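See below for the structure under consideration.
From a predicted model like this one, the values you see are computed outputs, not experimental measurements. Naming convention: chains lettered A, B, ... in sequence-line order (proteins, then strands); numbering from 1 in each chain.
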2 protein chains.
Amino acid sequence: MATIKDVAKQAGVSVATVSRVLNDNGYVHEDTRKLVIEAIQQLSYKPNEVARSLFKKKSRLIGLLLPDIRNPFFPELARGIEDEIQEQGYQLIIGNIDEKYPKEMDYIQTFEQNNVTGIITATNLTGRSHYDDLSSPVVFLDRTFNDHPSVFVDGIEGGRMAASELVKRGSKRITILKGPAQLQTAQDRFNGAIAELRSANVDFSVIETSSFSFSDAEIWAEELFEKYPDTDGILASNDVVAAAVMHEALRLGKAIPEDLQLIGFDDIPLSRLLFPPLSTIRQPAYDMGKEAAKLLIRLINKETHFEKNIQMPVMFIERQTTRKVEENG
Amino acid sequence: MATIKDVAKQAGVSVATVSRVLNDNGYVHEDTRKLVIEAIQQLSYKPNEVARSLFKKKSRLIGLLLPDIRNPFFPELARGIEDEIQEQGYQLIIGNIDEKYPKEMDYIQTFEQNNVTGIITATNLTGRSHYDDLSSPVVFLDRTFNDHPSVFVDGIEGGRMAASELVKRGSKRITILKGPAQLQTAQDRFNGAIAELRSANVDFSVIETSSFSFSDAEIWAEELFEKYPDTDGILASNDVVAAAVMHEALRLGKAIPEDLQLIGFDDIPLSRLLFPPLSTIRQPAYDMGKEAAKLLIRLINKETHFEKNIQMPVMFIERQTTRKVEENG
DNA sequence: ATTAAATGTGTAATCGGTTACATGGTGTGA
DNA sequence: TCACACCATGTAACCGATTACACATTTAAT
């Protein structure tokens, strides 16, 4: 790999001049600039980002922490972030926590040690505060944490909406899968849902779950139908769990949506492809990623006067695990 | 952030001694070591990986290139890699190509500029050779490229196996979804399948596809049933495509597996959760990731005498989109 | 014509580590 | 007692960039 010295020698100038050309900084004579650019091309020189980062104490890297890359919701977030930051010349490092939260600390440390310019995290457990004394800006995505910058949806409203749609379509004995207790977002959905059900005076039961993972979801699904075989409406904590529940329901011979209605949460790509296609509360994951990235870049650039807590809309996506509202309205 | 100098001052020694403690190198008196370790803890000092990497020309980062993180097969690979390399103290940087292959070059450059210690790639298009003059070792995963180190499955055998299972279970008019032409793996599956069908003297048609993405998959699915409405057996290029096909088939009221059998490829986590659960040819993604990581680490450590091209087994996973073999045997 | 401001370029310090080399003390065998 | 290996530690060069500062040369303003 050619270094800046090689380029300087080749162009017959000093390294400072090469650096000026590279960074479009200070004064460089047009003729000199041409010489340098030619030398750069001849040697196909690429600046060493490590050296650059050492001096500047900033890299072009942005760190992203995800709870579980196997849950399709999170890659979708990542894609939004990626598209946004690449336009600005940044690069994404993804750290997968795998729902093992001690890993979170390790990744944060690695990010810091590698001078990341900013961090976007979708992993913070409620009540933890190891993000407080970081030198780089942090954006919380799909999470909120004190008054830190964040991009999120209104989970309470989402839960309420799901419950309301289910009730509107005639479910009488609803079962809620309550997501992991440590996750504020999951609790918000849950609280929104039960508030709605109580005010509508509808009977409901609750199944507690402790993760969003594919492999665990099947267990909750089985438990659900053992405990509440006559449930006629289910609010799943997310689409992955909903897929597992639907699978189990069909296996047991239940008719969806006639005997049993089901609403998920997230609207991951596969939800459309399930059969019947899953009705769900959509979180605009890709756009949330984009917004988080924009927010982070503003923080990095030390801009002022912009909204630091961005709430994105949830939306009921009516597919075929819920009945038509006219039928029962 | 405390630096090595701060630690040295605190402990009353030189930076060289601190470095020796840090790296467990050279001679350090036991008493001195204790002093240094104490200073490190007091200042909660973490070495700056950037500075380290600049001097050593090696970081603790390993780069991973994926064609599309939204396809659940790839996160699964990533998880396998991650688990393996983290034990060795490495960190994963994921670059998502999003099936936009010029991005591949950009990421490779970023990886090089950041001194990654090694690269694992699942993205290489056939015939490209921009991996030849890299300074870091490269492992091809789910791909092969000349005689470069690689971890892959026998796609030809996989295609053959899928076709054979379908025929064995009585499909007579088979349609094959042929994956992207540039992807050797997809072509291998295709070639294996048609070889098997020809030798079994079974009639088949082909639908050409150009990506593995969720959003495109639905289009191929529609096209398939328009062109070949009476097909009774489908070989999908992967599980995502299979999910889309199944969805469309059920929408059209076809009975699966009675009227139509379907076999996917990959065995992604969701395949089990589809209804009916998808029969598929399993690629052991997690283990492939692990093997690729092990292979890369061997290359990094310049070990010798180990297998550089690792072929992993494919396996037919019989679920419920195929009939029982006894019924038709 | 005189001087200040603007332009162009190079030298060297710096970022935070690692390590080659120098130096000095201690232990051991001849 | 001498020589030499071993131990312990420090000084300084180095990795490859950026940039403060110095200096020289133009250009513009008075």
Problem set entry | Rounded distance in Å - NZ (A:K34) to P (C:dG8) | 13 Å
Seminar exercise, completed: Checking C:dT18, C:dG10, C:dC15 against the side chain of A:T17 (C-beta onward), the nearest is C:dG10
Exercise. Looking only at atom types and distance, does a side-chain atom of B:D216 sit under 3.5 Å from a main-chain N or O of B:S211, one as donor and one as acceptor?
Worked result: no
Problem set entry | B:N23 CG - C:dA20 C1' separation (whole Å) | 15 Å
For this session: For B:T32, answer base if it contacts any base atom (sugar-phosphate contacts may also be present), sugar-phosphate if it contacts only those atoms, and nothing otherwise; contact means non-hydrogen atoms under 4.0 Å.
Result: sugar-phosphate
Exercise. Can you check the A:E30 CD to C:dT9 C1' distance for me, whole Å?
Worked result: 15 Å
For this session: Under 4.0 Å between any heavy atoms, over every strand shown, what does A:S19 touch: base, sugar-phosphate, or nothing? Just pick one.
Result: base
Exercise. Under 4.0 Å between a side-chain N or O of A:Y27 and OP1 or OP2 of C:dG8?
Worked result: no
For this session: Carefully, step by step, assess A:D24 and A:R33 under the rule salt bridge (Lys or Arg N to Asp or Glu O under 4.0 Å).
Result: CA-CA 10 Å; A:D24 215 4; A:R33 176 188 307 276; 3.7 Å; yes
Problem set entry | Test salt bridge (Lys or Arg N to Asp or Glu O under 4.0 Å) applied to B:K294 and B:E291, step by step | CA-CA 5 Å; B:K294 281 185 200 166; B:E291 286 301 322; 3.7 Å; yes
For this session: Please report, rounded to the nearest Å, how far the P atom of C:dT18 is from the CG atom of B:D24.
Result: 12 Å
Exercise. Any side-chain heavy-atom pair from B:E49 and B:Q91 closer than 4.5 angstrom?
Worked result: no
Problem set entry | Phosphate OP1/OP2 of C:dT19 contacted by B:N25 side-chain N/O (<4.0 Å) | yes
Problem set entry | N/O donor-acceptor pair under 3.5 Å between A:R60 side chain and A:G89 backbone | yes
For this session: Kindly say whether A:N25 contributes a backbone atom to a donor-acceptor pair with the side chain of A:R20 at under 3.5 angstrom?
Result: no
Problem set entry | Backbone N/O of A:I268 and side chain of A:D266: donor-acceptor pair under 3.5 Å | no
Exercise. Which of residues 37-51 of chain B have a heavy atom under 4.0 Å from DNA chain D?
Worked result: none
Problem set entry | Value in whole Å for how far the C1' atom of C:dT19 lies from CZ of B:R52 | 13 Å
Exercise. What is the distance from CZ of B:R20 to C1' of C:dT19, rounded to the nearest Å?
Worked result: 8 Å
Exercise. Just by distance, do the side chain of B:N114 and the backbone of B:V116 share a donor-acceptor pair under 3.5 Å?
Worked result: no
Exercise. Separation of B:N115 atom CG from C:dG17 atom C1', in whole Å?
Worked result: 13 Å
Exercise. Does B:N96 reach the main-chain N or O of B:I69 with its side chain, forming a donor-acceptor pair under 3.5 Å?
Worked result: yes
For this session: Would you please confirm or rule out a distance under 4.0 Å between OP1 or OP2 of C:dC15 and any side-chain N or O of B:T3?
Result: no
Seminar exercise, completed: Outer limits of DNA chain D sitting under 4.0 Å from a non-hydrogen atom of chain A, read 5' to 3', are D:dG16 to D:dA20
Seminar exercise, completed: Closest to the 5' end of DNA chain D, once B:K56 and B:V13 are matched to their nearest nucleotides, is B:V13
